[in-house]
Amino acid sequence: METTRHLIVGAGVSGLATAAALGEEDYLVIEADTEIGGYCKTVIRDGFVWDYSGHFFHFKHPEIEQWLRARMPGQDIRTVAKKSFIRYGDRTVDFPFQKNIHQLPPEEFVDCLHDLYFARTPGAGPKAPEGNFKEMLYARFGRSIAEKFLIPYNEKLYACDLAALDRDAMGRFFPHADLSDIVRNMKVADNATYNATFTYPAGGAIEYVKALASAVRPEALSLGEALVSVDLRRRVARTTKREVRFERLVSSAPFPKLAAMCGLAHDAAAFTWNKVLVFNLGFDRKGQRDVHWVYFPDRATSFYRIGFYDNIFDTDRLSLYVELGYPRDAVVDVPAARARVLADLQRLGVTTDHQLVAEHSVVMDPAYVHITTRSNAEVTRLNRVLHANGVYAIGRYGGWTYCSIEDNIVEARALAADFTAA
Ligand SMILES: Cc1cc2nc3c(=O)[nH]c(=O)nc-3n(C[C@H](O)[C@H](O)[C@H](O)COP(=O)(O)OP(=O)(O)OC[C@H]3O[C@@H](n4cnc5c(N)ncnc54)[C@H](O)[C@@H]3O)c2cc1C
């Protein structure tokens with residue numbers, strides 16, 4: 001039987017970052033797909049460069065960005081000040097909504113300010129509970145902001161009852177703002193959020209993946225090989241090609257699937273998620289300028305967000321990604337959704353007499369995991385068992401969390417450092 005010190009499952013950002021950080025250590029990376037990248041793959045069609053969904057990068061650790069860029073010589077990588085908006089009825093409001101209520105019609109502005117004030121001011125009334133995500137939205141922003149944007153938008157995205165989600169389901173990705181921030185923003189705009197600028201390589205998100213892969217030994221990467229089951233007691237993994245004895249196994253496969261492959265009894269109902277159908281659409285000529293992405297809270301519009309690739313490198317043909325959220329067990333009728341999307345884009349004036357010349361679609365399943373008190377408890381409980389047997393679940397789906405690719409790299413590096421220090 002073959003042996004490896006570190007068996008790494010998945011050649012997305014998390015798996016490749018782990019292997020890269022292990023340096024000269026003994027490792028084997030297995031990847032079920034025939035290509036590396038996981039959700040950070042890029043599709044190039046008829047001159048259009050598209051990711052699986054808008055993948056724009058917000059690096060908070062300059063050394064990580066420098067490490068990646070050092071492995072991407074000669075590439076055009078732009079850092080762009082983002083321009084993001086909300087389509088609210090017939091008007092466009094700056095994102096985030098809660099900081100720009102003064103851009104609403106006067107009556108709606110007064111409603112939002114009134115409800116926000118009474119929700120947030122100590123002594124202005126009883127403190128509302130924050131037991132779940134939906135309650136948190138009401139308690140922190142008041143009824144009007146919650147019901148005009150935060151609830152309908154997030155219901156379209158997560159495709160579930162927001163009361164089922166943990167209060168911190170979006171972690172640092174949720175743009176919090178206090179009353180003073182909101183009032184201050186009415187005079188001097190400061191819409192800085194966690195992602196005020198983003199970077200993007202001309203060749204798409206896959207270029208960051210390739211930079212990671214350049215630090216991975218090619219002979220230690222096996223594509224088209226899936227993990228099937230794990231014998232925790234013997235530390236033996238069965239794959240679609242062989243049996244491998246390991247000292248440690250690092251998996252970026254979705255957490256409930258890993259638990260099942262390890263034969264661990266678990267509460268399967270604790271794990272729910274949404275699927276996102278992404279359409280990448282290329283048209284024959286330019287559309288709107290000065291916009292990178294737009295949020296659509298309106299329930300009558302099929303998508304929750306669209307993004308404009310062509311405004312990053314200022315190319316001359318409209319190049320869109322369009323995202324639609326579905327419950328995990330929904331049957332996704334792609335042709336019907338496509339027809340609705342094209343009609344909605346036309347109705348909203350995103351396209352006029354544009355001709356569609358190239359397209360691609362993909363269903364990301366899972367896309368956003370539903371972080372709940374129950375899922376958090378189950379992940380913590382099962383991780384104790386897995387860690388005791390040398391198995392580590394990492395990444396967005398491995399860790400069953402909400403995170404960015406930079407977070408994936410930070411986590412992978414920390415784990416590899418623990419291993420090499422041990
Ligand atoms: C709609 C959407 C938009 C996003 N936008 C951004 C963004 O703008 N910026 C950003 O930083 N991040 C963004 N992300 C997050 C980003 O995609 C993830 O953080 C990142 O791709 C996760 O990488 P990963 O390696 O952990 O997981 P994955 O990319 O899922 O990789 C896991 C790999 O494991 C493989 N695998 C699974 N099971 C097995 C098995 N049994 N055996 C072998 N291999 C297996 C899979 O084939 C896959 O290649 C977005 C995510 C979504 C859903």
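In listed order, ligands and their atoms are each counted from 1.
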**Complete:** The side-chain hydrogen bond (donor to acceptor under 3.5 Å, both in side chains) partners of Glu135 (sequence neighbours excluded) come to none
**Message:** As a quick check of understanding, evaluate side-chain contact (heavy atoms from CB on, under 4.5 Å) for Ile394 and Val250, giving each step before the final call.
**Reply:** CA-CA 7 Å; Ile394 62 163; Val250 178; 3.6 Å; yes
What short N/O contacts, under 3.5 Å, does ligand 1 make with the protein, listed by atom pair and distance?
from: ligand 1; atom 1: 5 (N); to: Gly54; atom 2: O; distance (Å): 3.1
from: ligand 1; atom 1: 8 (O); to: Gly54; atom 2: O; distance (Å): 3.2
from: ligand 1; atom 1: 8 (O); to: Phe56; atom 2: N; distance (Å): 2.8
from: ligand 1; atom 1: 8 (O); to: Phe56; atom 2: O; distance (Å): 3.0
from: ligand 1; atom 1: 9 (N); to: Phe56; atom 2: O; distance (Å): 2.8
from: ligand 1; atom 1: 11 (O); to: Ile405; atom 2: N; distance (Å): 2.9
from: ligand 1; atom 1: 14 (N); to: His55; atom 2: NE2; distance (Å): 3.3
from: ligand 1; atom 1: 17 (O); to: His55; atom 2: NE2; distance (Å): 2.7
from: ligand 1; atom 1: 19 (O); to: Asn408; atom 2: OD1; distance (Å): 2.8
from: ligand 1; atom 1: 25 (O); to: Val13; atom 2: N; distance (Å): 3.2
from: ligand 1; atom 1: 25 (O); to: Ser14; atom 2: N; distance (Å): 2.9
from: ligand 1; atom 1: 25 (O); to: Ser14; atom 2: OG; distance (Å): 3.4
from: ligand 1; atom 1: 26 (O); to: Ser14; atom 2: OG; distance (Å): 2.6
from: ligand 1; atom 1: 26 (O); to: Arg396; atom 2: N; distance (Å): 3.3
from: ligand 1; atom 1: 29 (O); to: Tyr39; atom 2: N; distance (Å): 2.8
from: ligand 1; atom 1: 41 (N); to: Leu227; atom 2: O; distance (Å): 3.2
from: ligand 1; atom 1: 42 (N); to: Leu227; atom 2: N; distance (Å): 2.9
from: ligand 1; atom 1: 44 (N); to: Ala32; atom 2: N; distance (Å): 3.1
from: ligand 1; atom 1: 47 (O); to: Glu31; atom 2: OE2; distance (Å): 2.7
from: ligand 1; atom 1: 49 (O); to: Glu31; atom 2: OE1; distance (Å): 2.7
from: ligand 1; atom 1: 49 (O); to: Glu31; atom 2: OE2; distance (Å): 3.1

Aromatic plane relationship, [Y] with [X] - under 30° parallel, 30 to 60° tilted, over 60° perpendicular:
| X | Y | answer |
| --- | --- | --- |
| Tyr402 | Tyr368 | perpendicular |
| Tyr321 | Tyr309 | perpendicular |
| Tyr200 | Phe313 | tilted |

**Arg235/Glu247 ion pair, N-O < 4.0 Å** = no
